[in-house]
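Please read the structure below before turning to the comments.
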Amino acid sequence: MPTRRIRPIILCTIAAAVGCNRAAPSSTSAPAGRPLGSVVAGSTDDGTVSGDGTPNSRADDVEVDRTPRVSYDPREIAEVRKQCEQDRADLYADAFKEIRGSGILVPRYGKALESQRARAVADLKRMLADPAEKDATRARAARALIELGDPAGEDFLLAAVRDGRGARRASALKELDEWIIRRKVDLSTPDRARLMLDALDDPDPQVVLAAAGLCAARNLNGTEAKLIAVIRSGRIKEPGKLILKLARVARSHEAAAIIRDELLRESTEGYDPWSEFILKPLIENPDPKFSEPIRTAYLRRTLRHMKKERPEQWVIRGLALAADRSTLPVLEDVFAHSRDPVCREYAVEAMARFDPEHALDRALELVRAENRLDAASGPLERLASPRTADRIVDAFLEIRKRERRRIPLVEARLLLEHLGPRGRRALEESIDDLEPHARTWAIWNLKGLTVDTAIDDLRAAGIIKKRREEILRSMQRSVDSGLAPSQGPLDHSDPSLLWGALSWADVLTSFDMETDEIPCEHHRLIMEFAEGSDGVFRPECAVQTWHRKNDEDIRAPYTVRFIHGGRLYRFGAENHGDWYDVEAVVPALNFALANAGRRERFIGVETSGQDGTYVFADPSAFRPIAEKYSLPISKDPGAAERHGKEYERQVIDQLKSRQEP
């Protein structure tokens with residue numbers, strides 16, 4: 001479901017997940033006490049409060065109390081406001097630490113700067129003017145100014161590229177190459193494009209590499225010729241670092257020859273696992289004089305990596321991309337002996353180009369071995385036809401008899417879009433066993449539902465205020481600007497478009513349940529929910545207390561407090577390691593809304609992954625629309641966490657199974 005607000009996180013790689021330091025859930029905590037005059041939601045409260053209004057630390061023999069409570073005590077309200085102000089100050093200071101450090105301004109730091117914009121702009125400008133600051137720090141400060149909408153940041157970076165030297169110039173080029181900044185700073189004008197291209201003539205290799213990445217990513221006119229000249233000149237001792245930059249803009253046979261020569265180098269150091277994504281358009285170029293030299297060179301390079309023990313998925317993926325008939329024995333060997341079903345699927349997909357009849361046999365063999373049609377969805381899409389429909393659907397039904405499971409979207413699309421009437425019937429008969437969003441997609445396509453009528457119904461019910469034309473125009477602009485992952489005109493029959501529309505209407509909250517952080521910041525999650533309430537749910541502030549005894553106590557639970565409508569709300573949250581306790585957060589928010597006399601609630605959407613998704617609406621108005629458009633409503637806030645942990649467990653088990661005994 002594409003949305004504008006999905007909380008970015010840095011995840012542990014699955015390969016390292018076995019050793020990730022995760023805190024175990026804790027089931028012990030003292031309930032947060034309430035002062036005299038508190039109101040309890042559904043239970044009494046026998047806790048206590050310390051003299052300054054701060055809830056007492058946990059007692060190891062008491063369960064975490066998630067029950068939300070409301071307090072009118074002015075002392076505790078004042079204490080929470082004070083703690084909130086300190087938290088905001090700390091967050092603002094941390095944002096500047098990041099600018100001076102790694103420069104990764106995660107959303108909470110960006111919001112901290114935006115909340116004090118005038119002060120932030122003044123502080124950032126002082127950094128720009130301070131020659132004692134590092135060049136990289138000043139460039140990151142300029143980027144932050146651009147994100148705040150102040151022109152001084154753009155002026156600084158352009159001046160650094162024009163007049164700077166060494167690290168200052170390279171840092172400016174790197175910041176201008178940042179994904180978000182690409183959309184905010186136009187470099188396509190002739191004078192600016194020439195300024196960036198001229199940086200490729202810099203004698204400093206770090207400047208050249210930074211300029212190469214920027215010019216190639218922006219696809220500035222003249223980049224290909226400039227990169228060819230730099231590589232041919234021999235000024236760069238390791239030209240291989242420029243090859244993938246050249247590949248992004250390569251159009252000429254001369255560029256193809258340079259890429260071929262680099263790929264044929266015997267050294268296999270620095271193999272880029274993502275290089276095939278960049279080289280794929282070149283290998284698939286319809287001009288064989290252009291594509292064939294690159295394909296054969298890339299194939300030779302990949303085959304060198306095949307000599308290593310247990311080659312990784314990206315090596316097999318690269319092999320499949322460049323394979324020809326001569327590599328059929330290698331592909332056969334991968335299919336016969338690999339323990340990784342993904343590698344086996346890559347092999348089948350490649351063989352489907354040369355031997356479609358036998359490839360179908362192999363694809364169905366893989367499907368039956370894995371008990372999933374989507375284990376070979378890629379090759380099956382290529383092989384599906386009226387002639388093969390019966391065999392593929394028979395395999396699907398055979399698996400259905402052996403194992404009742406939730407059918408994913410990729411299988412639903414294969415049945416309906418590629419396998420004709422027989423596939424359609426199989427999908428209709430399996431409709432209740434589809435995964436939530438697969439079922440929504442299937443019903444929309446079987447019944448001819450569209451996002452246009454869905455938005456109109458939501459607006460008529462008072463759930464969204466913006467007009468359909470305004471929402472769809474905004475979404476199309478997002479696609480056209482490259483900010484959205486899709487391309488081209490919007491598909492109005494795609495139900496995922498409706499989730500995007502709800503987000504643009506500011507009534508959708510979507511976030512990853514796994515934060516990769518301890519402690520989990522439930523108080524900041526509350527403010528994210530506020531952003532998805534179209535201005536209705538407006539907590540004044542939110543704070544969290546982590547009841548740990550010492551620095552080693554990472555299992556301790558939390559007390560979360562927020563002020564809404566002049567009242568203070570408090571609830572306990574369990575420590576699930578780096579996973580939010582949404583089973584505590586959502587009821588507390590809905591309790592606060594009810595207590596304020598509002599009919600709207602945060603309504604959970606059922607998912608198959610680890611994303612938490614909530615629509616802000618009056619349930620009596622939203623549920624009939626959800627039923628009409630088959631929108632999967634969830635009554636289990638903890639389901640996404642279980643899905644995520646189960647998926648992680650399956651992947652780890654698969655990695656272990658691939659290891660040699």
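Predicted, not measured: the structure shown is a model, and the values here were computed from it. Position 1 is the first residue of the sequence, and the numbers go up from there.
Looking only at atom types and distance, the side chain of Gln83 has no donor-acceptor partner in the side chain of Asp87 under 3.5 Å away. At a cut-off of 3.5 Å, with distance as the only test, no side-chain donor of Ser496 or His437 sits close to an acceptor on the other residue. The closest side-chain donor-acceptor pair between Ser338 and Asp340, if any, does not fall under 3.5 angstrom.
Between Leu593 and Phe616, some side-chain heavy-atom pair lies under the 4.5 Å cut-off. Contact check for Phe537 versus Ile526: side-chain heavy atoms found under the 4.5 Å cut-off. Taking the side chain as every heavy atom from C-beta outward, Leu148 and Leu124 approach each other to under 4.5 Å. With contacts defined as side-chain heavy-atom distances shorter than 4.5 Å, the pair Leu173/Val161 qualifies. Under the 4.5 Å side-chain criterion, counting only non-hydrogen atoms from C-beta, Val615 is in contact with Leu508. Contact of the Leu589 side chain with the His564 side chain is not registered, since no non-hydrogen atoms from C-beta on lie closer than 4.5 Å. Between Cys541 and Arg88, some side-chain heavy-atom pair lies under the 4.5 Å cut-off. Side-chain contact between Arg570 and Glu76: present, with at least one pair of heavy atoms (C-beta onward) separated by less than 4.5 Å.
Applying the ring pair (Phe, Tyr, Trp, His ring centres under 6.0 Å) test to pairs two or more places apart or on separate chains, none has a residue in residues 99-132. Among pairs with a residue in residues 82-105, those fulfilling ring pair (Phe, Tyr, Trp, His ring centres under 6.0 Å) read Tyr92-Phe96, at least two apart in sequence or across chains. The salt bridge (Lys or Arg N to Asp or Glu O under 4.0 Å) analysis of residues 588-605, with sequence neighbours excluded, yields the pairs Arg598-Glu600, Arg599-Asp618.
By the salt bridge (Lys or Arg N to Asp or Glu O under 4.0 Å) test, Arg642 is found to be paired with Asp636, residues two or more places apart in sequence or in another chain being considered. For His523, there are no ring-ring contact (aromatic ring centres under 6.0 Å, His included) partners at least two apart in sequence or on another chain. Under the side chain to side chain donor-acceptor pair (under 3.5 Å) criterion, Arg140 pairs with no residue at all, not counting sequence neighbours. Residues passing the side chain to side chain donor-acceptor pair (under 3.5 Å) test with Asp204 are Gln206, sequence neighbours excluded. Taking Arg567 as the reference, Val70, Tyr72, Tyr569, Asn595 meet the side-chain contact (heavy atoms from CB on, under 4.5 Å) condition, with sequence neighbours excluded. Residues that satisfy the salt bridge (Lys or Arg N to Asp or Glu O under 4.0 Å) test with Glu370, not counting sequence neighbours, are absent from this structure. For Lys134, the side-chain contact (heavy atoms from CB on, under 4.5 Å) partners at least two apart in sequence or on another chain are Thr137. With sequence neighbours excluded, the residues satisfying salt bridge (Lys or Arg N to Asp or Glu O under 4.0 Å) with Lys125 are Asp150. Qualifying salt bridge (Lys or Arg N to Asp or Glu O under 4.0 Å) partners for Asp94, counting only residues two or more places apart in sequence or in other chains: Lys97.
A distance-only check finds a donor-acceptor pair linking the side chain of His522 to the backbone of Asp581 [under 3.5 Å]. Judged purely by atom type and a 3.5 angstrom limit, Arg138 has no side-chain atom pairing as donor or acceptor with the backbone of Asp135. Although no hydrogens or angles enter the test, the distance criterion places a donor-acceptor pair under 3.5 Å between the side chain of Ser533 and the main chain of Ala530. With Ser510 contributing its side chain and Thr613 its backbone, the two residues share no donor-acceptor pair below 3.5 Å. Without hydrogens or angle criteria, Gln544 side chain to Cys520 main chain gives a donor-acceptor distance under 3.5 Å.
Arg100 has a carboxylate O that lies under 4.0 Å from a charged side-chain N of Glu133, or vice versa, which qualifies the two as a salt bridge. Salt bridge present: Glu517 and Arg108 bring a charged side-chain N and a carboxylate O closer than 4.0 Å. For Asp123 and Arg119, the salt-bridge test passes: some basic side-chain N is under 4.0 Å from an acidic carboxylate O. Taking 4.0 Å as the cut-off between side-chain N and carboxylate O, Arg143 and Glu147 count as a salt-bridged pair.
Between the CG atom of Leu157 and the CG atom of Asp177 there is a distance of 12.0 Å, given to the nearest 0.5 Å. Note that CD1 of Ile563 is 4.5 Å distant from CD of Glu540, once rounded to the nearest 0.5 Å. Atom CD1 of Ile554 and atom CG of Asn575 lie 7.5 Å apart (nearest 0.5 Å). Taken to the nearest 0.5 Å, the CD atom of Glu521 stands 10.0 Å off from the CD atom of Glu528. In this structure, CD on Glu435 lies 9.5 Å from CD on Glu606, to the nearest 0.5 angstrom. Note that OH of Tyr580 is 12.0 Å distant from CD of Gln610, once rounded to the nearest 0.5 Å.
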Lys111/Glu531 under salt bridge (charged side-chain N to carboxylate O under 4.0 Å, His left out): CA gap, chis, key distance, verdict: CA-CA 12 Å; Lys111 290 174 183 176; Glu531 292 180 13; 2.8 Å; yes
Candidate pair Glu79 and Arg561, rule salt bridge (charged side-chain N to carboxylate O under 4.0 Å, His left out), full reasoning: CA-CA 11 Å; Glu79 171 63 29; Arg561 297 180 290 174; 5.2 Å; no
Test log, rule side chain to side chain contact (heavy atoms under 4.5 Å, CB included), inputs Leu145 and Leu128: CA-CA 10 Å; Leu145 280 168; Leu128 294 189; 3.5 Å; yes
Derivation and outcome, side chain to side chain contact (heavy atoms under 4.5 Å, CB included), residues Leu568 and Asp73: CA-CA 8 Å; Leu568 183 141; Asp73 187 306; over 6 Å; no
Verdict with supporting geometry, Val560 and Val585, side chain to side chain contact (heavy atoms under 4.5 Å, CB included): CA-CA 9 Å; Val560 185; Val585 173; over 6 Å; no
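Listed here is the closest heavy atom pair of Ala120 and Leu113: CB-O, 3.6 Å. What you find for Thr509 and Gly532 is that their closest heavy atoms are OG1-CA, 3.6 Å. Taking each heavy atom of Trp499 and Pro632 in turn, the nearest pair found is CZ2-CD, 4.2 Å. Minimum interatomic distance between Arg66 and Glu574 (heavy atoms only, all atoms of both residues): NH2-OE1, 3.3 Å. Summarising the geometry of Gly566 relative to Ile77, their closest heavy-atom pair is O-CD1, 3.6 Å, with the distance given to 0.1 Å. Residues Ile181 and Leu176 share a closest heavy-atom pair of CG2-CA, 4.1 Å.
Aromatic pair Phe511/Phe529: centroids less than 6.0 angstrom apart. Checked against a 6.0 Å centroid threshold, the rings of Phe591 and Phe571 do not count as neighbours.
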